[in-house]
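Following: one structure in structure tokens, then a few remarks.
Everything quoted here is computed from the prediction, not taken from an experiment.
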Amino acid sequence: MRLFRYYPEDFGVLTVKVVHMNLAFDVYVDHTRVVSALTAETLDAPIASLALNARDLDILRVACDGHSIAHAYDRGAAILTVTFDPPVPPRTRFTLDTETICRPSSHTLEGLYYDGSCPGGPPVQITQCQQWGFQRLVPCLDDMTAKCTYTTTIAADDGYTNILSNGDPAGPRYLVAPGRSVQEYRNTTTPMAPYLFFLGVGCYDTHRREFEYPDGRAFSLEILAKPGFAPDEPPERALDILADAVMWVHLFTGPEPYRDRKTRQEIWRLIRVRDAAKRAGDRESLAETREALAGLVATVTPGYAYTGSVYREIAMQNSDFGGMENVGNTTIAANRIMPYPEATDPAFEYMVRVKVHEYYHNENGSEVTGRSPFEIWLNEAVTVHIENRHHAFFFGEAYSRLQTVLDLLDPVAGTLVLDRGAGSMPIEPDGFDDPNDLITGVTYVKAPEFVRMIETLMGKETFAVGLALYHDRFRHKNASTDDWIRCMEEVSGQDFTGMAAVWLKEKEYPVLTVAPSYDPAARRFTLACRQNRSPGGRPREFPFRFALADADGRDIAERTVRIAGEEEEVVIDDVDRPAFLSLNRGYSFYGKVVYRPPEDELYLQAAKDADIVGRFTAFNALAGHEMLRLLEDPGAAVSSRFADLCAGLLADDALMEEAGGQFLTIFPAVDDERFAHRYRALHDARKKILAAVGARHADTLLAVYRQAAVDLPSGDGYLEDEARAIRRRQRKNTCLAILAARDAPEIHRLLAGQFREAAAATDRLTAFGLILESSAPERLNILAEFCAASAKNPVAWESFLAVVAGSDCDDIVEILRRIESSPAFSVEQAGEQRALYGRFALNRKRSLETEEGRAYLGEVLRRLARVNEYSTARALDAFAFIDAMEPRHRVPVAGVLVGLLASLDPGEHPAIFNNARRFLLGAPEAVRAYEAEHGEIPALRKDTS
């Protein structure tokens, strides 16, 4: 029985080399006529036929000048087969001409689809070609190795403000007939994989600025926003953030980003001086600064420089992805393309991240491309690694790394949790049903952690050399995982092949158990380490960084060792006895450490560790101990010592300035498997802790709350100022959330005051969410008021939906039904699907542990499956641990999946069908109990290949 639709062997070597595609699109409201001239060259063997990918197209004409051909179109298989008689000889170039019609969709967000409409005019149409959307536009070899150059001509309604495709404009836009105009593009510098193709016709507000490199080279930056969607300031800020990203990549990536650091920082400073002089029209200052920059940049080796004449970010209102690189035309979710006043702090940080992420794909992914979908991880993981460095540059190393660690540890949707679930897949899986199956936390969090581990073992400087070698060696080509690994081995002299074989091909992660000992006579410290084996029975290799610290938090000794065997021993001579151990510093490896020191040691580490991650993991361990104690004895009181620690950490100005309020994250989670998936009990235990902290330290929390609410003066720059403001808001709202756990009238007044008076969207959303979960008499009035206000703005609406769907209130299903039946809610919008349905699915204490929630979730999944397969498949992550739930929940939860499977055609919805099957197959106890009660589950007993 095939568990997957596609396996590595399905991606063979092409029989031809694609050289160029000359495309002409004649775009109308309900169809587009496409004329294509595909130029290719045979390899060392003749070809008698060529199979082109062609999905849901009307084939009008197929011809090949100089060759006699026949063609056959298998619409079901989406294959257009062209037969040559006689065969095309080896090393022969030929051009295949086709004329076809494609039709835009209103809900399939792949190929050409509608993305809103022009004010009073035609509908906006854009494309999404990752992974196989290009074949929905034109017959092609829709393969990542079919990289070629493109010439694109687009004819469309002259009412569109923008007609877009890859490459540089080949001249001005011109009228071709009454009411219709044409724009031509040439993408001839960088051969492009088909999944990177972009076409768009629409109405946008275009915001632009010149970008100038330190050496004077310049091109245009453009942001295309939905019409009337932004006041004056956000576009300017968004362009500044984008320009910073482009410049940062140039100055702080490449083969030597850590050399001449002071010079690079001075160039960075002078860039801002130069740009300010340009805006002010100060010619004298501008000339002086340019001269200084030219001299400085000549002394360093910069990183990637953009090769086009314009780089655009285009707002897409409806997409399965937050952003998509398209060689010069990055599409970004409209709600995340600018720092809108209605955007929350996480949305702002996402905006900063997505801009540099998609831009860096111009080098890593576009210029150098993976060989098949099984290398998507490589395109993404390296890019996320660079994105993380950029984020740390502006937000601080400690804050940025802690944010990633929280993403790893999050018990709701964290990668470590999902990596142990029934739906987990390796970084390079055995197979997949849809390429979107690969767009998960494994690709975007675990895989970058693998890259980071390689960097740790190599050293940052050597890693940069290896990455630059990879990009130089495979520029304008395709590369495999082995190619990347070999480059890293070549420059470092280390062996990573064995390490990669386990990390990339097996799921889950290492659990490292450590046992310290100290010999006072010899002044010798020994750390015995033992790791569990992988599911395939192999030990993993990874860097393990740890330190011995004294009672004041000063490091006595620090080591980074390469763990390779099942058992390792590290010896450090001539050291004093440590007061505590700081283990897995910086979260040096993706996994968990098992070490159970005395609580006194953890309290000391939480207060004193010089490593922010070590300090947090100590706090997290103490919170876990407290949670477990309350779960085992629901009548127990919260430890006053732990409550004092929480208040003390929040009152620590230095810690909060460095790490932000996120440091006080107390997860509703414990490691003990008896309680790990009892979602209601975990939530209630956490709330009990917060209430105890709030009751014991109300005055301290109020003082810190008011202190954090005071605005600070501007500092080094816009992004740096925003980063400081975000950390302070986190601190303030953490205090507010702790106080709100008491659910008292005076707290209700505090919440209502912040809700009414908040200047920042995050402050308003936080207060609203806490009011919704409270017993405040005005909660339903505030809900109705905020719902009506949020519905007027798509950015605010999406945030509102997410807060409501994730809340804990007895009437949540009733509220959600009212919201989704309102005119403001659009089930076709992927962002609204994720916010309302995806967030509710992961609200397991309500969605899985209540009868009403399960009934609603089952309805949602069956309805959503017919609208958006990707959103539905992601919502299924909620079912990752059915067998770990309380026995009373297993059968009804399994029943939700059984009902979903019974409603689906596996051929029409393979990703949803096969994912739901895998979750049931991963819950054998629940399946046995269900079948004992209800009979055999047909979907588990048949071959769905």
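Relative ring orientation between Phe450 and Trp484 is described as tilted, the plane-to-plane angle lying within the 30° to 60° band.
Under the 4.0 Å criterion applied to side-chain N and carboxylate O atoms, Glu363 and Arg475 are assigned as salt-bridge partners. A salt bridge links Asp483 with Arg371: the distance from a Lys NZ or Arg NE/NH1/NH2 to an Asp or Glu carboxylate oxygen falls below 4.0 Å. Salt-bridge annotation for Glu632 and Arg678: absent, with no side-chain N of the basic residue lying under 4.0 Å from a carboxylate O of the acidic one. Salt bridge annotation for Lys592-Asp671: present, with a cationic side-chain nitrogen under 4.0 angstrom from a carboxylate oxygen. Ion pairing between Arg585 and Asp555 holds under the 4.0 Å rule for side-chain N and carboxylate O. Look at Asp433 and Arg5 and you find no salt bridge, because none of the NZ, NE, NH1 or NH2 atoms lies under 4.0 Å from a carboxylate O. A salt bridge is absent between Arg686 and Glu626; no separation between the charged side-chain nitrogens and carboxylate oxygens falls under 4.0 Å. Classification of Arg523 and Asp573 as a salt-bridged pair fails, no side-chain N sitting under 4.0 Å from a carboxylate O.
Here the side chain of Tyr590 pairs no donor or acceptor atom with the backbone of Arg452 at under 3.5 angstrom. Although no hydrogens or angles enter the test, the distance criterion places a donor-acceptor pair under 3.5 Å between the side chain of Tyr870 and the main chain of Ile439. The backbone N or O of Asn584 sits nowhere less than 3.5 Å from a side-chain atom of Arg545 that would complete a donor-acceptor pair. No side-chain donor-acceptor contact under 3.5 Å links Tyr399 to the backbone of Ala659. Of the possible polar contacts, none joining the Asp472 side chain to the Leu469 backbone as a donor-acceptor pair under 3.5 Å is found. At distances below 3.5 Å, not a single donor-acceptor pair connects side-chain atoms of Ser400 with backbone N or O atoms of Gly396. Gln131 places no side-chain N or O within 3.5 Å of a backbone atom of Tyr195 that could act as its donor or acceptor partner. Of the possible donor and acceptor atoms, none in the side chain of Glu375 sits under 3.5 Å from a partner among the backbone N and O of Ala479. Checked by atom type and distance alone, the side chain of Arg353 never pairs as donor or acceptor with a backbone atom of His391 at under 3.5 Å. Looking at Glu428, its side chain never comes within 3.5 Å of a backbone N or O of Leu504 through a donor-acceptor pair.
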Full working for side-chain contact (heavy atoms from CB on, under 4.5 Å) between Val249 and Val356: CA-CA 8 Å; Val249 167; Val356 74; 3.9 Å; yes

Full working for side-chain contact (heavy atoms from CB on, under 4.5 Å) between Asp410 and Val417: CA-CA 7 Å; Asp410 183 353; Val417 170; over 6 Å; no

From CA spacing to verdict: ring-ring contact (aromatic ring centres under 6.0 Å, His included), Phe463, His385: CA-CA 12 Å; Phe463 177 85; His385 183 72; 5.2 Å; yes

Worked check of side-chain contact (heavy atoms from CB on, under 4.5 Å) between Val382 and Leu378: CA-CA 6 Å; Val382 171; Leu378 181 58; 4.1 Å; yes

Evaluation steps, ring-ring contact (aromatic ring centres under 6.0 Å, His included), between Phe525 and Tyr518: CA-CA 5 Å; Phe525 174 85; Tyr518 183 74; 7.2 Å; no

Verdict with reasoning, Ser424 to Asp419, per side-chain hydrogen bond (donor to acceptor under 3.5 Å, both in side chains): CA-CA 5 Å; Ser424 176; Asp419 204 10; 2.8 Å; yes

Stepwise side-chain contact (heavy atoms from CB on, under 4.5 Å) test for Leu527 and Leu581: CA-CA 10 Å; Leu527 190 69; Leu581 302 183; 4.2 Å; yes

Chi angles and distances behind the ring-ring contact (aromatic ring centres under 6.0 Å, His included) call for Phe393, Phe252: CA-CA 10 Å; Phe393 182 87; Phe252 298 105; 5.0 Å; yes

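Here OG of Ser534 is found 8.5 Å from CD of Glu508. Values are rounded to the nearest 0.5 Å. Cys529 SG to Glu566 CD: the interatomic distance, rounded to the nearest 0.5 Å, is 12.5 Å. From Asp407, atom CG reaches atom CG of Leu402 across 10.0 Å, with rounding to the nearest 0.5 Å. Note that the OG1 atom of Thr440 and the CD1 atom of Ile376 stand 10.5 Å from one another [nearest 0.5 Å]. For the atom pair CG of Leu512 and CZ of Phe546, the computed distance is 10.5 Å after rounding to the nearest 0.5 Å. Atom CZ in Arg918 sits 7.0 Å away from atom CG in Asp437 (nearest 0.5 Å).
In this structure, the ring of Phe663 has its center less than 6.0 angstrom from the ring center of Phe616. When ring centroids are compared, His390 and Phe394 come within the 6.0 Å threshold. In this structure, the ring of Tyr6 has its center less than 6.0 angstrom from the ring center of Trp132. The aromatic ring centres of Tyr509 and Phe589 sit 6.0 Å or more apart. Taking the ring centroids of His357 and Tyr350, they lie at or beyond the 6.0 Å cut-off.
A donor atom on one side chain and an acceptor atom on the other are found under 3.5 Å apart for Trp377 and Thr481. If you check the side chains of Tyr359 and His361, you find no donor sitting under 3.5 Å from an acceptor. Using modelled atom types, one finds a donor on one side chain and an acceptor on the other under 3.5 Å when comparing Gln403 with Glu349. Using a 3.5 Å distance cut-off with no hydrogens or angles, the side chains of Glu490 and Tyr470 do not pair a donor with an acceptor. Using modelled atom types, one finds a donor on one side chain and an acceptor on the other under 3.5 Å when comparing Asp609 with Ser582. If you check the side chains of Thr145 and Asp143, you find a donor sitting under 3.5 Å from an acceptor.
Of all non-hydrogen atoms in Asp320 and Ser871, the two that sit nearest each other are OD1-OG, 4.4 Å. Contact detail for Leu457 and Pro543: the closest heavy-atom pair is CD2-CB, 3.6 Å. Heavy-atom minimum distance, Leu682 versus Leu631: CD2-CD1, 3.7 Å. Closest heavy-atom contact between Gly586 and Arg401: O-NE, 2.8 Å.
Considering Gln494, Met453, Glu568 in turn, Gln494 is the only one that fulfils the side-chain contact (heavy atoms from CB on, under 4.5 Å) rule with Arg562.
Environment of CZ in Arg524: sparse, with no more than 12 heavy atoms of neighbouring residues, nucleotides or ligands closer than 6.0 Å.
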